[in-house]
Amino acid sequence: MVAEVKLVGGMPDFTQIKERLYVGMDVGGTKIRTSLVSESGTIYAHLKDKTPRDCPAEVTVEAIQESIRDLLDYFNLPLSRIAAIGIAIPGVVEPETGNVVVTPNMNLTGVPLGDILSQYFGIPVFLNNDGNLGTLGETWLGAARNARSVVGIFVGTGVGSGIVTNNQLWMGAGHAAGEIGHIIVSTPARSWKSRIASLLPEGTEVEKMADYPVCGCGNIGCLESFASRTAIEHAIQEAVALGVPSKITEFSNGDVSIVKSGALAKALKAEDPLVTAIVHYTAEVLAYACLTVRHLIDPEVIIFGGGVMEACYRYVLPIIEEIVSADKLPAAPSNRRIVLSLLGDDAVVLGAVALAHARVNRAENPVAHAVAEKTVKKTVQKTLEYSSDSGEIRVNGQSLHTDFYWNSCGKAILREEDDFKIRRRELKSFFDENVTQLIIASRHPEKIVVTPKAIDFLTLHGVAARLCTLEEGVMAISENAGNDGPETLAGIFILEK
């Protein structure tokens, strides 16, 4: 048994599951995340392994192979049940050949990874950049579902990104489009005055060329070198070395050689002046990068994800939104928005599965199967009823006695929580981008507690929440289901403890 396998929603019975299965992988510089996923996007399990460091490429390839084998062995699944494998790589890849062109922060540069794995397992293997696939995953089942143009910006160790238009990845001529982390945000070019210094009158002040950091890609002035966790880490290290006091040393156990996103969040909550100043600067740089994205591409949705954003979004996103909303360049009325990633770590593996599904089925639209799945669900929509005599709730005539969610596809899903507290994690578990209203219904709505993180989540995604009785909740759902347009209302029904 593999200790690191984590089930999602209990042990599945694959003898009863008829959907085709896929393996989605996120191969990063520090960890390898391998997931077993259905073609409609249901995640059954994850396996996490450490990425080998300071070793030949062959060792990393063997670790990838072992992760896939271990996950399938855990369920005793034969390779014949797996339609394809999708893999996300932090670098530039050739999707057509499966060759890794370059991985700046790991040792797979020049490795024909797709061919090696497809020959080893005997099934199709497809590769793409991790930022691209994270954005594709969010477009398929996350915060940008139903959006026609999306830019994803993932702030972690570096700054990953991707662009999706009309449900397709925008790859570029050299498969390197969307590398927002490497757009030049501060040019190291010498000013014209410094170039003619000898011609200027004596005593004229000439600005010295700034000391710009060199990015991991080798260029100077990249967004990633100013606004990533690594950039924040370097700034903190420099300030601490100069004697600036900070609680970040306490939250990092006295060692700031590596500053984790969670430690940054704690320091921000404690209102540490140093960390607050550095993260505020980072947020401003990201905001001006968003203006560049708006002016160049003008996407409907800009998604922010990655470890730094997930830990610090409550502080960072308002700064970004304030600067972007103050943009002086006018635009036509639209539904443009900046949102937080909905899928978190799942975005990349789901994007890898969407890519693999499309390539296996020779589909031009990687998320078309999600649209088809949603249409099928709506055609078998269940009826929700409330009995004023017995106080019972019935779905298709059958009484329910357990707390449940009612999603926008008209499906009742049993609730995993067993109290009156509404948390962010459970909102994420059934959230749909179509939803604009959330009904939270109970016989005693006054007992309901919505956590601050859950309120943040609803606010970020523009969802209005309403507390009501069970009867009022059922009535609201029924009225919404009668509309001709897409379902915009979901519910949480807490029956009784």
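The figures that follow rest on heavy atoms only: side chains count, while hydrogens, waters and symmetry mates do not.
- Counting only heavy atoms from C-beta outward, the side chains of I43 and H46 approach each other to under 4.5 Å.
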| said: Quick one, E233 with T230, criterion side-chain hydrogen bond (donor to acceptor under 3.5 Å, both in side chains). Give me CA distance, side-chain angles, the key distance, then yes/no. | reply: CA-CA 5 Å; E233 186 177 84; T230 303; 5.2 Å; no
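- A salt bridge links R336 with D298; the closest basic N to acidic carboxylate O contact falls under 4.0 Å.
- To the nearest 0.5 Å, the span separating OG1 on T34 from CG on D26 amounts to 9.0 Å.
- Here the straight-line distance linking atom CG of L355 with atom NE2 of H357 works out to 11.5 Å at 0.5 Å rounding.
- A salt bridge is defined here as a Lys NZ or Arg NE, NH1 or NH2 lying under 4.0 Å from an Asp or Glu carboxylate O, and E300 with R337 meets this definition.
- Checked against F493 for a ring-ring contact (aromatic ring centres under 6.0 Å, His included), the options F404, W406, Y386, Y405 give a single hit: F404.
- The closest side-chain donor-acceptor pair between R359 and N128, if any, does not fall under 3.5 angstrom.
- Across every non-hydrogen atom of V360 and A84, the tightest pair is CG2-CB, 3.4 Å.
- In this structure, F251 has no ring pair (Phe, Tyr, Trp, His ring centres under 6.0 Å) partners at least two apart in sequence or on a different chain.
- G28 and T51 make their closest contact through O-OG1, 2.8 Å (heavy atoms, listed as atom of the first residue, atom of the second, distance).
- Checking side-chain atoms of T139 against main-chain N and O of T135 turns up a donor-acceptor pair under 3.5 Å.
- Note that the CD atom of Q119 and the CD1 atom of I116 stand 8.0 Å from one another [nearest 0.5 Å].
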| Derivation of the side-chain contact (heavy atoms from CB on, under 4.5 Å) call for H182 and E224 | CA-CA 6 Å; H182 300 290; E224 183 173 294; 3.7 Å; yes
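- Within the 4.5 Å cutoff, the side chain of W140 has heavy atoms near those of the L350 side chain.
- Between atom CD of residue E66 and atom CG of residue L47 there is a gap of 9.0 Å, rounded to the nearest 0.5 Å.
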| Does the side-chain contact (heavy atoms from CB on, under 4.5 Å) test come out yes or no for V150 and I303, once each step is laid out? | CA-CA 7 Å; V150 184; I303 299 172; 3.7 Å; yes
| Going through the checks in order, is the side-chain contact (heavy atoms from CB on, under 4.5 Å) test met by L340 and L342? | CA-CA 6 Å; L340 185 68; L342 178 63; over 6 Å; no
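- Counting heavy atoms from C-beta on, the side chains of I258 and R229 come closer than 4.5 Å.
- Scanning both residues, A465 and L458, for their nearest heavy atoms gives CB-CD1, 3.8 Å.
- Checking S261 against E310 by side-chain atom types alone, no donor-acceptor pair falls below 3.5 Å.
- F154 is linked by a ring pair (Phe, Tyr, Trp, His ring centres under 6.0 Å) to nothing, counting only residues two or more places apart in sequence or in another chain.
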| message | Between S341 and E138, does the side-chain hydrogen bond (donor to acceptor under 3.5 Å, both in side chains) criterion hold? Intermediate values first, please. | response | CA-CA 7 Å; S341 164; E138 289 288 347; 2.5 Å; yes
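- In this structure, the side chains of N107 and C55 come closer than 4.5 Å at one or more pairs of heavy atoms.
- Looking at heavy atoms from C-beta onward, I338 lies in side-chain contact with F304 at the 4.5 angstrom threshold.
- Here the CG-CD1 distance, from L438 to I440, works out to 4.5 Å after rounding to the nearest 0.5 Å.
- When side chains are defined from C-beta on, I64 counts as touching L113, because their heavy atoms get closer than 4.5 Å.
- Remark: the backbone N or O of L495 is paired with a side-chain donor or acceptor of D403 at under 3.5 angstrom.
- The environment of CE in M171 is crowded: more than 12 heavy-atom neighbours from other residues, nucleotides or ligands sit within 6.0 Å.
- At least one side-chain heavy atom of P366 sits under 4.5 Å from a side-chain heavy atom of Q168.
- Under the 4.0 Å criterion applied to side-chain N and carboxylate O atoms, R424 and D456 are not assigned as salt-bridge partners.
- Using a 4.5 Å heavy-atom threshold, the side chains of K269 and L264 count as separate.
- To the nearest 0.5 Å, atoms CE (M25) and CG (L133) are separated by 13.0 Å.
- Nearest heavy-atom pair across V435 and V463 is O-CG2, 3.5 Å.
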| Residues Y120, R69; criterion side-chain hydrogen bond (donor to acceptor under 3.5 Å, both in side chains); working and verdict | CA-CA 11 Å; Y120 182 86; R69 286 199 312 266; 2.4 Å; yes
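- Checked against side-chain contact (heavy atoms from CB on, under 4.5 Å), R81 has the following partners two or more places apart in sequence or in another chain: F14, L21, L77, P78.
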